[in-house]
Amino acid sequence: MVRVLVCDRIDEEGLNLLRGKGFQVDVKLGLPPEELEQTVGGYDVLLVRGKTKVTRRVLEAGKGSLKLVVRVGVGLDNVDVEAARQLGIQVENTPEATVSSVAELTIGLMLAVARRIPEADRTVKGGGWSKEKFMGVGLRGKTLGVIGLGRIGCEVARIARAMGMRVIFYDIVDRGLESREIGCEPVVSLEKLLAESDVVTIHVPLAPDTYHMIGRRELNLMKPTAILVNTSRGAVIDEQALLEALKTGRLGGAGLDVFEEEPPKNLELLNLPNVVCTPHIGAQTVEAQKEASLLA
Ligand code: NAD
């Protein structure tokens with residue numbers, strides 16, 4: 001019998017599928033690292049989301065039985081992929097499952113910053129009604145710059161096009177086919193994208209070449225009214241530089257779902273009136289979690 005160890009909370013639908021096929025599924029949530037090392041031996045498959053750290057020690061403890069690690073979600077930041085490769089353990093994730101949920105949140109953050117929805121909500125709930133204070137900026141006809149026209153970037157571009165926005169993008173890979181289908185234009189450089197966009201949205205993976213891809217120099221290239229949205233990975237932006245740009249009026253606003261450190265410690269950035277933030281909930285929809293669990 002195939003034995004599956006589930007260490008993070010995963011939608012039951014996928015687990016029931018496994019149980020129905022005769023797999024043994026053991027759900028043991030929130031195991032401390034040493035306990036996970038003691039438990040993993042004897043299991044064929046390890047299912048995790050982002051919380052459990054699948055370190056070399058964990059993988060070595062599973063040696064002999066462990067054949068597959070599935071990260072239910074996107075990104076393999078919490079799995080030591082190199083160690084798994086050396087030990088002959090396959091690693092998979094389910095990036096397709098969360099595309100629309102992240103894209104929809106991205107659009108939500110863009111609208112929330114442009115129309116200051118959270119601040120207006122707090123005002124009305126506090127008994128206020130200051131219409132004049134909430135003069136927003138419209139998005140129809142404005143330019144959205146997408147950094148990374150991959151799965152999520154494409155979906156964001158599609159929705160933005162339907163909202164009447166002009167969409168430009170920058171990617172290191174040729175995305176001619178996708179961009180023609182969506183109706184968005186490539187730009188020759190990141191610098192050009194930053195200078196031309198009213199809203200910039202980031203959809204690249206975190207890698208050595210994307211770490212702090214948006215720093216002081218890049219923020220200085222943006223329009224002072226521009227909005228920056230990040231639902232990719234926190235460390236793609238230099239948060240200190242972002243804080244300075246927002247505080248000094250070098251940038252219009254920011255919508256952030258991801259942070260360099262999570263939960264974030266830099267409360268000064270989060271508490272700025274022109275910043276809207278969410279606790280890394282890009283993939284947190286019923287539909288996305290169900291789909292990720294079934295795919296896994
Ligand atoms: P993807 O691999 O489909 O697309 C990434 C795109 O970025 C590719 O087209 C790639 O060519 C491009 N790219 C890579 N390096 C680049 C660079 N230096 N400059 C320009 N373009 C570059 O990835 P995806 O599935 O669309 O995910 C995008 C991001 O969203 C990832 O960082 C992922 O971790 C993140 N994500 C966040 C959440 C969340 O909860 N907020 C959920 C899922 C995914």
Short N-O contact, Glu185 and Arg166, less than 4.0 angstrom | yes
Evaluate the side chain to side chain contact (heavy atoms under 4.5 Å, CB included) criterion for residues Leu251 and Leu228: first the C-alpha distance (whole Å), next the side-chain angles of each, then the deciding distance (0.1 Å), finally the verdict.
-> CA-CA 8 Å; Leu251 193 68; Leu228 179 64; 4.1 Å; yes
So with a 6.0 Å cut-off around CG of Leu177, is the heavy-atom count from everything else above 12?
-> no
If you draw a 6.0 Å radius around NZ in Lys223, do more than 12 non-hydrogen atoms from other residues or ligands fall strictly inside?
-> yes
Exercise: identify the closest heavy-atom pair between Ile168 and Ser197 = CD1-OG, 3.7 Å
Any side-chain heavy atom of Leu270 within less than 4.5 Å of one from Leu272?
-> no
Exactly one candidate in Leu76, Leu46, Val54, Val81 meets side-chain contact (heavy atoms from CB on, under 4.5 Å) with Arg71; the answer is Leu76
Would you say Thr210's side chain and Pro205's backbone share a donor-acceptor pair under 3.5 angstrom?
-> yes
Under 3.5 Å, side chain of Asp257 to main-chain N/O of Gly282, donor-acceptor pair present?
-> yes
4.5 Å side-chain heavy-atom contact, Ile182 and Val167 | no
Chi angles and distances behind the salt bridge (charged side-chain N to carboxylate O under 4.0 Å, His left out) call for Arg216, Glu244 | CA-CA 9 Å; Arg216 190 165 292 119; Glu244 282 163 26; 2.9 Å; yes
Verdict with supporting geometry, Leu149 and Cys184, side chain to side chain contact (heavy atoms under 4.5 Å, CB included) | CA-CA 10 Å; Leu149 197 73; Cys184 55; 4.1 Å; yes
Is a donor on one side and an acceptor on the other found under 3.5 Å between the side chain of Ser232 and the backbone of His203?
-> no
Under 3.5 Å: donor-acceptor pair, side chain of Thr285, backbone of Ala288 = yes
Look up atom NZ in Lys21 and atom CG in Leu18, then write down how far apart they are to the nearest 0.5 Å.
-> 9.0 Å
List the steps, then state whether side chain to side chain contact (heavy atoms under 4.5 Å, CB included) holds for Leu66 with Val40.
-> CA-CA 8 Å; Leu66 196 62; Val40 71; 4.3 Å; yes
Salt-bridge present (Glu119, Arg116; N to O < 4.0 Å) | yes
Working to the nearest 0.5 Å, report the span between CD1 of Ile107 and CE of Met163.
-> 5.5 Å
Quick one: do the Gln289 and Arg9 side chains pair a donor with an acceptor below 3.5 Å?
-> no
Scan for salt bridge (charged side-chain N to carboxylate O under 4.0 Å, His left out) pairs involving residues 84-111, sequence neighbours excluded, and state none if there are none.
-> Glu82-Arg85
Note: Glu155-Arg158 ion pair, threshold 4.0 Å (strictly below) = yes
Could you tell me whether Arg3 and Asp44 have a side-chain N and a carboxylate O separated by less than 4.0 Å?
-> no
Could you tell me whether the side chain of Val6 reaches within less than 4.5 Å of the side chain of Asp26, counting heavy atoms only?
-> no
Please walk me through it: do Thr143 and Met165 pass side chain to side chain contact (heavy atoms under 4.5 Å, CB included)?
-> CA-CA 6 Å; Thr143 299; Met165 296 184 84; over 6 Å; no
Does any non-hydrogen side-chain atom of Leu190 lie less than 4.5 Å from one of Ile147?
-> yes
For Arg19, the salt bridge (charged side-chain N to carboxylate O under 4.0 Å, His left out) test, sequence neighbours excluded, returns Glu12
So, Arg56 side chain and Glu60 main chain: donor-acceptor pair closer than 3.5 Å or not?
-> no
For Ile117, does its backbone N or O pair with a side-chain atom of Asp121 as donor and acceptor, under 3.5 Å?
-> no
If you count the non-hydrogen atoms of other residues, nucleotides and ligands that lie under 6.0 Å from NZ in Lys67, is the total more than 12?
-> yes
To the nearest 0.5 angstrom, please state how far the CD1 atom of Ile281 sits from the OG atom of Ser101.
-> 9.5 Å
Identify, with sequence neighbours excluded, every residue that meets side chain to side chain donor-acceptor pair (under 3.5 Å) alongside Glu191.
-> Arg217
If you look only at pairs with a residue in residues 225-242, which of them pass as a salt bridge (charged side-chain N to carboxylate O under 4.0 Å, His left out), with sequence neighbours excluded?
-> Asp77-Arg233
More than 12 non-hydrogen atoms from neighbouring residues, nucleotides or ligands closer than 6.0 Å to CZ on Arg250, yes or no?
-> yes
Are any side-chain N or O atoms of Thr94 and backbone N or O atoms of Gly73, one a donor and one an acceptor, separated by less than 3.5 Å?
-> yes
Would Glu218 and Asn220 count as having a side-chain donor-acceptor pair, cut-off 3.5 Å?
-> no
Looking only at atom types and distance, does a side-chain atom of Ser65 sit under 3.5 Å from a main-chain N or O of Tyr43, one as donor and one as acceptor?
-> yes
Residues two or more places apart in sequence or in another chain: which of them pass salt bridge (charged side-chain N to carboxylate O under 4.0 Å, His left out) with Lys28?
-> none
Side-chain donor/acceptor of Ser293 to backbone N/O of Gly14, under 3.5 Å | yes
Test Glu260 against Lys265 for salt bridge (charged side-chain N to carboxylate O under 4.0 Å, His left out), laying out the working first.
-> CA-CA 9 Å; Glu260 289 204 69; Lys265 294 271 182 330; over 6 Å; no
With Arg175, which residues qualify under salt bridge (charged side-chain N to carboxylate O under 4.0 Å, His left out), at least two apart?
-> Asp171, Glu178
Asp8 and Thr52 side chains, donor-acceptor separation under 3.5 Å = yes
Supply the atom-to-atom distance Tyr170 OH to Leu194 CG, rounded to the nearest 0.5 angstrom.
-> 10.0 Å
Hey, is the main chain of Lys192 close enough, under 3.5 Å, to the side chain of Ser189 for a donor-acceptor pair?
-> yes
With a 3.5 Å cut-off and no angle check, do the side chains of Thr106 and Thr201 form a donor-acceptor pair?
-> no
With no hydrogens and no angle check, do the side chains of Thr55 and Asp80 hold a donor and an acceptor under 3.5 Å apart?
-> no
From CG (Leu105) to OG1 (Thr98), nearest 0.5 Å = 11.5 Å
